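Every chain is numbered from 1 and lettered A, B, ... according to where its sequence line falls, protein lines coming before strand lines. Predicted, not measured: the structure shown is a model, and the values here were computed from it.
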Amino acid sequence: MSISGAPESTSVTAPDDFPAQYDPAATEAAIYERWQQAGAFTADASRSSRIGGDRDPYGILMPPPNVTAILHVGHGLNSTVQDVLIRWARMKGFEALWLPGMDHAGIATQNVVEKQLAGEGLTRNDLGREKFVERTAVFVKETGGVILQQLKAIGASADWSRTAYTFSPELSVSVREAFVRLYERGLIYRGHRVIHWCPRCLTSLSDEEAEGKDTSGALYHVSYPLADDPAQSITVATTRPETMFGDVAVAVNAADERYQSMIGKDVLLPILDLRIPIIADDYADPAFGTGVVKITPAHDANDFEVGRRHDLPMPVVIDAHGMMHEDADAAGRVPQELRGMDRFVAREHVVKLLEAAGRLVKKEVHQHSVRHCYRCDTVVEPRLSDQWFVRMAPLAEPAHEAVRSGRVRLLPEKHVGVYEHWMTNIRDWNISRQIWWGHRVPIWYCKECDPPQDVIASREDLTACPYCGCDVVQDEDVLDTWFSSSLWPMSTLGWPNEKSTDLRAFYPSDVLVTAPEILFFWVARMIMMGYAFMGDAPFHSVYLHGTARDTQGRKMSKSLGNGIDPMDVVNLYGADALRYTLIAGMGMGADVLLDPNDLDKSFATGRNFATKLWNIGRFLLMNVGSDAVRPFADIADSELNRADAWILDKLDAAIRECDRAIGPVHPLRGGVWAAEERASGLRLNEYADTARRFVWNEIADWYVEANKTRLLTPGNDQQVARSVLVHVFDQALRLLHPIVPFITEALWQRLPGHVNGTFLATSAWPVERHMADSDHRAADFDLIREIVDAMRRVRSEYALAPGKMVDALVIAAPPVRGMLEQESTL
RNA sequence: GGGCGAAUAGCUCAGUUGGUUAGAGCGCCUCGCUUACACCGAGGAUGUCGGGGGUUCGAGUCCCUCUUCGCCCACCA
């Protein structure tokens, strides 16, 4: 796709150039280009009322797509929602900033480049760290950011002059600053514990990045004989027999009468015949399995805790690649024949060995959740290692309170409970990754100094120890991509420079629009960091939209091949058709179902609507012409006829309902959402529906029809009709512009009296006009509509040919007869 | 194992605080190429609002229960 490669012939202002058929391909790119040239989307910080300007700011921060991403319907949905809101706010007179950007996406991007390397028969180790990072940076620079170009094609009115990147020099400064400050506050620490490890990506993962998947596995019951009385045994239940070489104890619950007498005795670890103790620990649940659990501290997070409590050794028997290997502590525990074997292959072997030894009591089917890497789907391995953690409880507290108090609202509200549960049970966040693509942990180690001076967190790169002057080495790890994402609302505005104009003008922003999947990955952490560094939440509303799914309800995805390429839709029907369809089909938080095999049907709603709009425009131009009409403001109330009064009344209603559906912009009082307004607004489907009804069922079906004769009859009334029609259509285009920006702009610029160089995108949102209460003309027109409806029904019932005239006037009462005579075109 | 949500027209879904004959888009049927539009217009059919019970003058809307789906969380090995 190409924005700039649009046909040059497009001239959207020439009134005589009005094709019978709307041609989005020939229109959209050119319009976008002109918006950009006019700086229509560039926010002016100096106009923000927060720093003395004349407009209240309104901000949306784009969830930064991965730098390697290409647009899919999910992005389309997400961006369209944001664009509707920002365009609405812009027209409402706010200094609107939609700040776009990209995420360097540590693991994901590294995986892409490693795959490339693999194609060349290389690994990242062949290149070495420096070369690998260089190569990745070049790759990102050359091919990254495609998605941002694609967003322009769907009309995204972001402020591209502020495009940010989580790995830019500027944002790297804020990442380092945040790390060091948290470290200095004691909120970042290094911990030695069992974490989630991806044996394919070769890095640790946070709890959120290790996704649980329900799996049908097996629970093996293995009997461990008592060391001093082999006739007796105790049976453990395990899902992972291959880890048994790392067993250092078996645990029972002290309250479990079955095993009380055995506590303190030893058992022999099968196959190895190693003595290990039977210990008592509450972790053992008498109700599960046999009530006896083997303790493998190096390969299970819970066992690790038990091991710590009982001061047990922690031999490692599986290596970083998920192969059977051992460290020095294991001292020959892994049998020779199993060494170097994949953990799952080893499992089968171990089971056979146990069977052969007569120690396998039974194997039962077991449903449980197994953690997988969210980037490559490999089964995650619990692994004992040193990692950097963020202490979350202190950070969570204000973030939790923010939602409870209404400073931040989550929509739809069903997510509030999930959020609170997570916040209440929050666990420390592992932020170090053993990959190369990302922000290096800003920690240096000095071999000469004693703790705590041997570990130095620094804002500047260090070459020598600040305490003793000797050499220091930097930590090898990089930070979780989501660490930099959590700073996005501040870092993109210039933090930590607190004098930054953007930061003062636009922090906090207003609405965050994203998918519920990343509520914890990202949203919750942004709120925490907002409080930690800015003392306030980064936004007041979180709009969590649904997912694009196929007709079978499956999430659209590349791997399933059931996706829809938004670019295909743009090329076939135009961006407006895509946008309108998505918005109209999306209830609050509801998924949008589309048929990837029938785009024509899936996007008929939007395409048909765009065509209708276009044709109303054509009617207007053909009947009114392109010369300026009498200014609507100069039309006296007394000059209006019933239809005019009626449509103006409907316009007021449409404005009111649209505003009500989208708004309110802010909490009405004190920056905090009152309970009764928490669920208000952001109903974009209602907005789309209202605007559509006004244009199609009110302007087109009735007002235009009622005006046909008037517009052909010279005289003052014709001038009034022209003026009102142009006014009403102009207002309708404004109401619709946030949803369907291209076609409305194209039509608006063709309206009689359009001033060259002005854009609908930057013009004002309609305000209600209010007819006098005593004005009955609108109600009269409604009466006429009802009569016409009734007549049509009767005609249809009696199967009267359309051309056949019926003298309805004969049966009508005199006052109505008069009105009907005047509305003869209906 | 907890928590949450959903079940409304053939399909996809709206129905904010309980109140007049339950709506939209797509699809379907009949008629119509009337000089903006057949990607259209006019008319029409289709719902015991998942089952059962309850509160109320009145419930798709509140309460209980059952059924079927879906999502999130979780150290029961």
Watson-Crick or G-U wobble mate for B:U67, both contacts under 3.5 Å
B:A7
Identity of whatever pairs with B:U12 - Watson-Crick or G-U, under 3.5 angstrom
B:A24
How long is the line joining CG of A:Asp689 and C1' of B:U16, in whole Å?
15 Å
Identify the two heavy atoms, one from A:Pro241 and one from A:Val351, that lie closest to each other, and give their separation to 0.1 Å.
CG-CG2, 3.9 Å
Establish whether the base of B:A24 is bridged to the side chain of A:Glu686 by a donor-acceptor pair shorter than 3.5 Å.
no
Answer with yes or no whether A:Arg549 presents, from its side chain, a donor or acceptor under 3.5 Å of a partner atom in the base of B:U12.
no
May I ask which nucleotide in the shown strands pairs with B:G2, Watson-Crick or G-U wobble, both distances under 3.5 Å?
B:C72
Tell me which one of A:Asn615, A:Thr27, A:Leu613 satisfies side chain to side chain contact (heavy atoms under 4.5 Å, CB included) with A:Tyr22.
A:Thr27
For A:Phe742 versus A:Glu28, what's the shortest heavy-atom pair and its separation?
CE2-O, 3.2 Å
What's the CG-C1' distance between A:Asp600 and B:G25, to the nearest Å?
15 Å
Residue closer to the 5' end of RNA chain B, A:Glu208 versus A:Arg240 (nearest nucleotide):
A:Glu208
Rounded to whole angstroms, how far apart are CZ on A:Arg750 and C1' on B:A36?
14 Å
Given the structure, check if the side chain of A:Lys414 and the base of B:C4 hold any donor-acceptor pair shorter than 3.5 Å.
no
Want to settle it: does A:Leu593 or A:Thr239 sit nearer the 5' end of RNA chain B, counting the closest nucleotide to each?
A:Leu593
Roughly, in whole Å, what's the span from CG in A:Leu410 to P in B:C4?
16 Å
Is there a donor in the side chain of A:Tyr374 and an acceptor in the side chain of A:Glu211, or the other way round, less than 3.5 Å apart?
no
Rounded off to whole Å, could you give me the CZ-to-C1' distance for the A:Arg792 and B:G41 pair?
9 Å
Quickly work out the A:Ile616 CD1 to B:A36 P distance and round it to whole Å.
13 Å
Short side-chain donor-acceptor distance under 3.5 Å, A:Asp247 and A:Thr296
yes
Once you round it to whole Å, what is the distance between P of B:C71 and CD1 of A:Ile518?
18 Å
Pairing partner of B:C49 (Watson-Crick or G-U wobble, both distances under 3.5 Å)
none
Which whole-number value in Å describes the distance from A:Leu621 CG to B:C37 C1'?
14 Å
So what does A:His368 touch, heavy atoms closer than 4.0 Å: a base, only the sugar-phosphate, or nothing?
sugar-phosphate
